[in-house]
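Below is one structure, written out as structure tokens; comments come after it.
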Amino acid sequence: MNSETLWRQYMRAGAELSNGEILREQEFIDLLCGRLAELEARAAAGVDAALAQGATNAQMLLERDVLVAEQSGLLALYSSGEHGLCFGRLAFRDGADHHIGRIGIRADDEERTPLVVDWRADVARPFYLATGHEPMGLRRRRHITTERNRVTALHDEILDLDDAERTGHEGATADAVLLAALDAARTGRMHDIVQTIQAEQDRIIRAPHRGVLVVEGGPGTGKTAVALHRAAYLLYAHRELLARRAVLIVGPNPTFLGYIGQVLPALGETGVLLATPGELFPGVRATGTDTPEAAAVKGGAAMADALAAHLRDRQATGWPELRIDHEDGVLVLDRELVAAARDRARRTHLPHNLARPHFAFAVIDGLTDQLVERIGADPYGGPNLLGADDRALIGKGVAASAQVHAAIDELWPLLTPERLVADYLEEPTHLPDADAAAVRRAPCGPFTAWPWTPADVPLLDEAAELLGEDDSARLAAEEAQRQEAIAYAQGVLDLSYGSRSHEFADREDEDSEQLAAHDLIDAERLADRQEEADGRSAAERAAADRTWAFGHVIVDEAQELTPMLWRLLMRRCPTRSMTLVGDPAQSSEPGSCGTWSAALGPHVGERFERVLLDVNYRTPAEIMEVAAGVVRATDPGFRPPRSVRSTGVRPWARRVADAAELADAVAACVAAEPVPADGAGGRLAVVAPKHLLGDLAAALPGADSGPEPDLARPLVLLSPTQAKGLEFDSVLVVEPADFGRAELYVALTRATQRLGVVHSAALPEGLELEEQAPTTT
């Protein structure tokens with residue numbers, strides 16, 4: 001039975017809305033909606049009550065903001081009902097019956113009976129893992145499809161052959177449910193897959209969170225979806241830890257992050273920071289571009305050593321003798337004294353900026369010794385006539401000298417990461433001449449600066465590690481603010497105590513049993529709780545703190561990371577709790593590591609687990625066959641992921657006589673594609689080399705393009721880099737001869753239904769297509 005037949009059978013199940021089983025499930029969904037409406041009203045009433053009592057009750061006053069935040073988050077979570085609150089039902093042999101959904105919902109009774117079980121709970125695992133051979137205690141499994149809150153289809157799987165009950169919605173497998181989801185038109189945003197998680201995906205999602213897990217898979221194998229659902233599962237299973245430390249998800253570009261941005265909120269999780277590699281240094285947004293040669297050099301591991309050597313060159317080297325005027329004679333800051341101070345500072349093994357005071361003290365001590373020897377020398381050769389107090393007074397005078405301060409600033413300057421990297425790129429050292437020439441930038445004027453590039457971000461992070469941060473002033477200010485908060489909280493408690501004493505002035509026996517706020521909590525804890533209530537989320541704090549240690553890090557397109565980026569990410573996750581997803585066959589960024597061992601070896605050795613996803617859910621077999629030929633041209637042993645479906649629509653190619661005709665030809669092909677103007681029937685992407693995007697944008701006025709195109713539009717124009725990780729119903733690839741081989745493989749595997757190629761130059765080796773007009777199915 002082919003995919004189209006399965007899909008039609010599945011969708012036909014929802015046609016008879018009078019069916020008893022569908023009505024039964026609809027009544028349950030309606031019950032849930034009523035329950036959520038009641039919760040909304042109760043939440044609002046709870047907030048109002050907290051606000052009303054806050055003026056007289058100190059504890060309620062301080063917990064008010066927390067309650068408001070919790071209820072707001074609760075309502076946002078329950079609003080995910082529009083995505084389908086409940087998508088499954090499990091009937092066990094022992095009589096237990098559980099509905100499965102995106103979030104857990106309980107009844108309002110004493111036992112808090114579960115109405116819907118969260119898909120991440122252990123009891124929900126049979127929904128994804130049970131088979132006829134291993135039914136895991138099930139007698140039947142039901143898939144429920146909803147549109148908003150209306151039940152549209154059911155699909156029942158019989159797992160216990162002795163069960164004689166029949167509903168009219170039975171099927172041998174859940175393939176129809178999966179294929180219906182795969183054949184659905186794309187919307188420009190990734191949706192969750194909780195209803196169709198496959199067994200091999202479920203095992204990865206629920207794998208232990210500690211250690212490094214590498215998930216490798218070709219195009220369309222669900223790597224990204226698995227990674228996002230793994231984030232949701234880990235936040236559920238390790239809520240206390242990860243809610244406090246947050247989860248970082250790194251994606252290749254802003255377009256990709258926009259594409260996946262709604263998946264976790266739809267699953268009820270918001271404690272996640274999404275960022276591109278160019279956004280991983282707080283305060284810097286990388287908008288510049290590098291040449292491929294420069295990006296490769298900047299990403300290489302040698303840059304760490306080069307920056308460190310460059311910084312050492314800035315530490316009191318090449319210093320000529322300096323004579324400093326003083327009221328008691330000239331002081332001489334010579335090379336010997338400077339070298340001794342430098343060695344003293346370096347022996348601390350502190351970062352540059354933190355070692356600077358040690359260097360300064362050594363210089364001041366050396367100059368003070370000169371004055372002490374001069375002023376306190378005994379003319380008869382005896383011991384120095386100056387005591388410790390005299391020496392301290394002379395040292396203060398030396399330390400106050402503007403010339404001494406200027407010399408220290410010149411010898412051991414206080415640097416920022418931005419200043420260090422900018423100076424280095426203007427005159428790169430400790431690199432081969434060709435590499436230095438690739439990364440060198442011309443000096444900027446006093447009021448201008450080069451835009452940072454994504455490849456600069458790990459350099460800035462490396463520089464920050466080398467420099468360190470003197471945060472003593474900040475910590476002192478924070479402690480002063482904390483003491484003020486404690487004093488304020490104590491005042492609130494005192495008022496609360498006075499209020500209670502007045503109320504029970506004539507009832508001393510009852511007064512001893514009546515609890516007030518100060519009986520439950522002290523001023524310090526109250527101040528801490530108020531700070532938490534008023535503070536930012538863990539993800540927001542992490543975004544602003546370069547030294548933040550995340551509870552878990554997930555990297556998509558991890559095969560593209562350079563050695564310098566790996567160094568940055570390992571600092572962000574010292575526990576090495578990481579999930580890395582990628583496909584080496586799609587690696588196209590200059591300077592990437594190439595293999596997992598090369599990427600991870602310097603940080604974890606071989607202590608990582610690698611799992612392989614080899615089933616392609618996105619790309620039809622007809623398209624995958626064409627794309628695989630491109631890789632086999634250089635790697636004859638390449639084995640692509642196995643596609644689960646076939647559409648019967650062959651990819652096509654159209655050649656034009658001259659490159660000048662490309663834009664018009666693409667416009668004609670776009671007009672022939674069966675994509676409605678409002679995008680209701682799917683999305684079409686035109687993927688072209690960067691140098692052609694301008695001409696194509698002019699020829700396709702309806703296409704959305706630019707650095708961050710709106711993927712919800714029916715037609716978008718993308719470069720190969722922007723297309724990574726995305727999927728569309730139809731794709732037109734333009735001038736494939738101008739693509740890198742990995743870029744072409746990526747571009748060819750973005751389509752879920754139809755693929756066309758428009759070209760003027762000869763097709764690259766391995767890309768075998770029939771030259772014909774586009775199909776218009």
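Bear in mind the structure is a predicted one, so any value in this text is a computation, not a measurement.
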- Message: Take a 6.0 Å sphere around CZ of F361 and say whether it holds more than 12 heavy atoms from other residues, nucleotides or ligands.
- Response: no
- Message: Donor-acceptor pair, distance only, cut-off 3.5 Å: does the side chain of R230 make one with the backbone of I554?
- Response: no
- Item | L242 CG to E269 CD distance, which is reported to the nearest 0.5 Å | 9.5 Å
- Query: Within a reach of under 6.0 Å around CZ of R610, are more than 12 heavy atoms found that belong to other residues, nucleotides or ligands?
  - Reply: yes
- Query: Taking 4.0 angstrom as the limit, do D583 and K223 come out as a salt bridge?
  - Reply: no
- For residues Y745 and P219, determine if any side-chain heavy atom of one lies less than 4.5 Å from a side-chain heavy atom of the other. yes
- Please name the pair of heavy atoms, one in P764 and one in L744, separated by the smallest distance, quoted to 0.1 Å. CG-CD2, 3.8 Å
- Task: For the pair E321 and R335, find out whether any cationic side-chain nitrogen is under 4.0 Å from an anionic carboxylate oxygen.
- Result: no
- Task: Would you indicate whether E336, at its atom CD, is surrounded by more than 12 heavy atoms from other residues, nucleotides or ligands within a distance under 6.0 Å?
- Result: no
- Message: When you compare the side chain of E589 with that of Q559, does any pair of heavy atoms fall below 4.5 Å?
- Response: no
- Task: Can you label the angle between the H238 ring and the H209 ring as parallel, tilted or perpendicular, going by 30° and 60°?
- Result: tilted
- Message: Pair L411, R342 - check side-chain contact (heavy atoms from CB on, under 4.5 Å), show working.
- Response: CA-CA 9 Å; L411 288 164; R342 179 190 64 210; over 6 Å; no
- Does R239 reach the main-chain N or O of L235 with its side chain, forming a donor-acceptor pair under 3.5 Å? yes
- Item | Whether H352 side chain and A463 backbone form a donor-acceptor pair below 3.5 Å | no
- Please walk me through it: do R567 and E462 pass side-chain contact (heavy atoms from CB on, under 4.5 Å)? CA-CA 8 Å; R567 289 173 65 90; E462 191 74 28; 2.7 Å; yes
- Task: Quick one: closest heavy-atom pair of G591 and P563, and the distance?
- Result: O-CD, 3.4 Å
- Output the distance between atom CD1 (I260) and atom CG (L711), rounded to the nearest 0.5 Å. 11.5 Å
- Determine the minimum heavy-atom distance between P277 and P252, stating which atoms define it. CD-O, 4.2 Å
- Query: Can you check whether V332 reaches L337 side chain to side chain, under 4.5 Å on heavy atoms?
  - Reply: no
- Heavy-atom side-chain proximity of T575 to C573 below 4.5 angstrom: yes
- Task: Using only heavy-atom distances, determine whether the side chains of D456 and T453 contain a donor-acceptor pair under 3.5 Å.
- Result: yes
- Item | E606 vs S597, side-chain hydrogen bond (donor to acceptor under 3.5 Å, both in side chains): CA-CA, chis, key distance, verdict | CA-CA 7 Å; E606 293 297 322; S597 293; 3.3 Å; yes
- Message: Does R374 have more than 12 heavy atoms from other residues, nucleotides or ligands lying within 6.0 Å of its CZ?
- Response: yes
- Message: Would you say that V457 contacts E279 through its side chain, given a criterion of any heavy-atom pair below 4.5 Å between the two side chains?
- Response: no
- CA sep, side-chain torsions, deciding dist, call: R314, D423, side-chain contact (heavy atoms from CB on, under 4.5 Å): CA-CA 11 Å; R314 300 286 299 269; D423 289 348; 3.3 Å; yes
- Any donor-acceptor N/O pair, R356 side chain to W412 backbone, under 3.5 Å: yes
- Query: How would you list, by chain and number, every residue that makes a side chain to side chain contact (heavy atoms under 4.5 Å, CB included) with E609, sequence neighbours excluded?
  - Reply: L213, V611
- Spell out, as yes or no, whether a donor-acceptor pair under 3.5 Å connects the side chain of W596 to the backbone of P584. no
- Heavy-atom nearest pair, L568 first then P458, reads CD1-CA, 3.9 Å
- Task: Not counting sequence neighbours, list each pair that qualifies as a side-chain hydrogen bond (donor to acceptor under 3.5 Å, both in side chains) and has a residue in residues 546-556.
- Result: T224-D556, D461-R546, E465-R546, D545-T547, H552-S577, H552-T579
- Short question: side chain of R576, backbone of M570 - any donor-acceptor pair under 3.5 Å? yes
- Message: For R312, I'd like to know if atom CZ has over 12 heavy atoms of other residues, nucleotides or ligands within 6.0 Å.
- Response: no
- In plain terms, say whether R347 and D343 are close enough for a salt bridge, that is, a side-chain N and a carboxylate O under 4.0 Å apart. no
- Message: Check R440 with E427, please: is the shortest side-chain N to carboxylate O separation under 4.0 Å?
- Response: yes
- Minimum heavy-atom separation for E743 to P720, with atom names? CB-CB, 3.8 Å
- Exceeds 12 heavy-atom contacts within 6.0 angstrom, atom CZ of R285: no
- Item | Check: L386 and I394 side chains under 4.5 Å, non-hydrogen atoms | yes
- What's the shortest heavy-atom distance between V330 and D325, and which atoms? CG2-OD1, 4.0 Å
- Query: What do the steps show when you test L561 against V250 for side-chain contact (heavy atoms from CB on, under 4.5 Å), and what is the final call?
  - Reply: CA-CA 11 Å; L561 268 58; V250 180; 5.7 Å; no
- Query: Backbone N or O of V687 within a donor-acceptor pair of the Q722 side chain at under 3.5 Å?
  - Reply: no
- Exam field: side chain R741 to backbone V630, donor-acceptor pair closer than 3.5 Å: yes
- Is there side-chain contact between N253 and E557, with at least one heavy-atom pair below 4.5 Å? no
- Counting N and O atoms only, with roles assigned by atom type, does the side chain of D409 sit under 3.5 Å from a partner on the main chain of L414, one being a donor and the other an acceptor? no
- Message: When you compare the side chain of L367 with that of L371, does any pair of heavy atoms fall below 4.5 Å?
- Response: no
- Task: State whether the side chain of R344 and the backbone N or O of A340 hold a donor-acceptor pair below 3.5 Å, judged by distance alone.
- Result: no
